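Please read all numbers here as calculations on a predicted model, not as lab measurements.
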Amino acid sequence: MQNTEILLIKEKSKKRFCIKKLVGNGKPYIFIGPLSLLLFTFYVIPIFLSIYFSFTDYNIIKKPEFIGVSNYSDLLLDKTFKASLKNTFLFTLGVVPAQTIFSLVMASWLVSRGKSRLTEFVKGAMFIPVISSMVLVSIVWRILLNGEGSPLNLILNVLNITQPNWLGDSSIVLFVLMGITVWKNTGYFMILYIAGLMEIPKNYTEAAKVDGAGRWDVFYNITLPLLKPTTIMVVFLGMVWSLQTFDLIYTLTGGGPGNSSMTLVLHIYNNAFKNLNAGYAMTVANILLLFSSIAAIVQKSFLKKEKSEVY
């Protein structure tokens, strides 16, 4: 009788141990489950739906009709798509290097100056555009640039400089939008570079200075290589943001004059919600997804080559 009770107790303890072990192994999945469900619902499923609808004639209202690769072949004849593709790449090529260089220069200057009222003021001033709404920023810049009575044009008038039509001249409008984007994003990337600079051990630079290296030699041969993981991240984020730019251009120019500031995301919006051609809009969206995926793959391949505690 006693032996039977002992066996039952051992079996119960084994079952409890197995249950605890099972629950313990499943804890990570319990924590990541809700977030994974959200990501799958709002990111993965829409991607597959977009791919499906790109092969259909779909206007959001009627039932989608399968038309094969007609939407993709129409891209080759779409002048607006070609213009938006060209503008998107020009925008990215202009914005990414500029904001990367400016943010690196500002971060290096702030770190070299140490803590002071001036550096704290500059950090705050540089970060204000980052936390400001892009629509609000667009409205402010429209007031500054648009019309003969705008503040910037009044200053140019006083200096007897010809006042350009900042948002209405097709030859300069894209460069104006690039400048505003760089101004808004630089503060964010500056903070990333400051964090990267703070990670670099001081004994590296101090040893170089003892050996007679100048400021430029220290920066070029020590600081810049050690900032490579941060630079890769900054360039990647800048590329993705530039490829997806929409609200600034939509608010300021609407893609005009003509198609001189039309981008892929704005072209997607116009086809989906103005022309009610959602199938074709998703075709353009898939092209944009392809470019973003290539950028992500390249970024990951570069980061794998770098040894860093952060990345």
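Counting only N and O atoms by type, the side chains of Thr263 and Thr245 include no donor and acceptor under 3.5 Å apart.
With rounding to the nearest 0.5 Å, the separation of CG in Asn165 from CG in Leu145 is 10.0 Å. Separation of atoms CZ (Phe189) and CE (Met233) is listed at 10.5 Å; rounding is to 0.5 Å. Rounding to the nearest 0.5 Å places CG of Leu224 at 6.5 Å from CG of Leu104. Note that OG of Ser84 and CG of Leu288 are 9.5 Å apart. Values are rounded to the nearest 0.5 Å. Distance OG/Ser293 to CD1/Ile47: 7.0 Å, rounded to 0.5 Å. One finds the CG atom of Leu110 at 8.5 Å from the OG atom of Ser116 (value rounded to the nearest 0.5 Å).
Criterion: ILVMFWY side-chain heavy atoms under 4.5 Å apart, direct or through other members. Under it, Trp183 and Met190 are not part of a common hydrophobic cluster. A continuous path of Ile, Leu, Val, Met, Phe, Trp and Tyr side chains, each step under 4.5 Å between heavy atoms, connects Ile249 with Met178, placing both in one hydrophobic cluster. Residues Leu159 and Leu144 share a single hydrophobic cluster, defined by chaining ILVMFWY side chains whose heavy atoms lie under 4.5 Å apart. A continuous path of hydrophobic side-chain contacts links Phe102 to Leu177 [ILVMFWY only; heavy atoms under 4.5 Å]. Cluster annotation: Leu237 is not connected to Leu264 through the hydrophobic network of ILVMFWY side chains, with a link wherever side-chain heavy atoms come within less than 4.5 Å.
Ser54 has its side chain within reach of Tyr72: a pair of non-hydrogen atoms, C-beta onward, lies under 4.5 Å apart. No side-chain heavy atom of Ile191 sits under 4.5 Å from any side-chain heavy atom of Val130. Considering only heavy atoms from C-beta on, Leu248 stays 4.5 Å or farther from Trp141 through its side chain. Side-chain contact between Leu75 and Asn71 is absent, with no heavy atoms from C-beta onward closer than 4.5 Å. Contact annotation: the side chain of Leu174 approaches that of Phe91 to within less than 4.5 Å [non-hydrogen atoms, C-beta and beyond]. With a 4.5 Å cut-off on side-chain heavy atoms, Ser50 and Asn286 count as touching. Residues Thr223 and Val218 meet the side-chain proximity criterion, which asks for heavy atoms closer than 4.5 Å. Counting heavy atoms from C-beta outward, Ser138 and Asp247 have side chains that stay 4.5 Å or more apart.
In this structure, Tyr188 places its OH atom where only 12 or fewer heavy-atom neighbours from other residues, nucleotides or ligands lie under 6.0 Å away. Heavy-atom neighbours of Phe175 CZ from other residues, nucleotides or ligands within 6.0 Å: at or below the threshold of 12. Other residues, nucleotides and ligands place more than 12 heavy atoms under 6.0 Å from the CZ atom of Phe246. Enclosure of atom OH in Tyr250 is not indicated, since only 12 or fewer non-hydrogen atoms of other residues, nucleotides or ligands lie within 6.0 angstrom.
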Test Leu156 against Thr162 for side-chain contact (heavy atoms from CB on, under 4.5 Å), laying out the working first.
CA-CA 7 Å; Leu156 294 178; Thr162 304; over 6 Å; no
Between Leu227 and Glu199, is the side-chain contact (heavy atoms from CB on, under 4.5 Å) condition met? List the steps.
CA-CA 9 Å; Leu227 284 176; Glu199 276 192 355; over 6 Å; no
List the steps, then state whether side-chain contact (heavy atoms from CB on, under 4.5 Å) holds for Val96 with Trp241.
CA-CA 9 Å; Val96 174; Trp241 291 0; over 6 Å; no
Let's go through Trp166 and Asn146 carefully: what are the C-alpha distance in whole Å and the side-chain angles of both, what is the deciding distance for side-chain contact (heavy atoms from CB on, under 4.5 Å) to 0.1 Å, and is it a yes or a no?
CA-CA 7 Å; Trp166 300 102; Asn146 202 20; over 6 Å; no
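The aromatic rings of Phe291 and Phe89 sit perpendicular to each other, their planes meeting at more than 60°, with 30° as the lower class boundary. Taking the six-membered ring where the residue is Trp, His267 and Phe81 present tilted rings, their angle falling between 30° and 60°. Taking the six-membered ring for Trp and thresholds of 30 and 60 degrees, Tyr269 and Phe273 have ring planes inclined between 30 and 60 degrees apart.
With hydrogens and angles disregarded, no donor-acceptor distance shorter than 3.5 Å links the side chain of Arg142 to the backbone of Leu167. Between the side chain of Thr283 and the backbone N or O of Gly279 there is at least one donor-acceptor pair closer than 3.5 Å.
The side chain to side chain contact (heavy atoms under 4.5 Å, CB included) test with Leu35 is passed by exactly one of Leu39, Leu37, Ile32: Leu39. Looking at Thr56, Asp78, Asn59 one by one, the single match for side-chain hydrogen bond (donor to acceptor under 3.5 Å, both in side chains) with Tyr280 turns out to be Asp78.
In terms of heavy atoms, Ile222 sits closest to Tyr204 at CD1-O, 3.8 Å. Closest non-hydrogen pair, Tyr220 versus Pro225, comes out as O-CD, 3.3 Å. Minimum interatomic distance between Thr41 and Pro46 (heavy atoms only, all atoms of both residues): O-CD, 3.2 Å. Across all non-hydrogen atoms, the minimal contact from Thr181 to Gln99 is O-OE1, 4.3 Å. Between Ser261 and Gly256, the closest heavy-atom pair is OG-O, 2.6 Å. In terms of heavy atoms, Gln163 sits closest to Asn153 at NE2-O, 3.3 Å.
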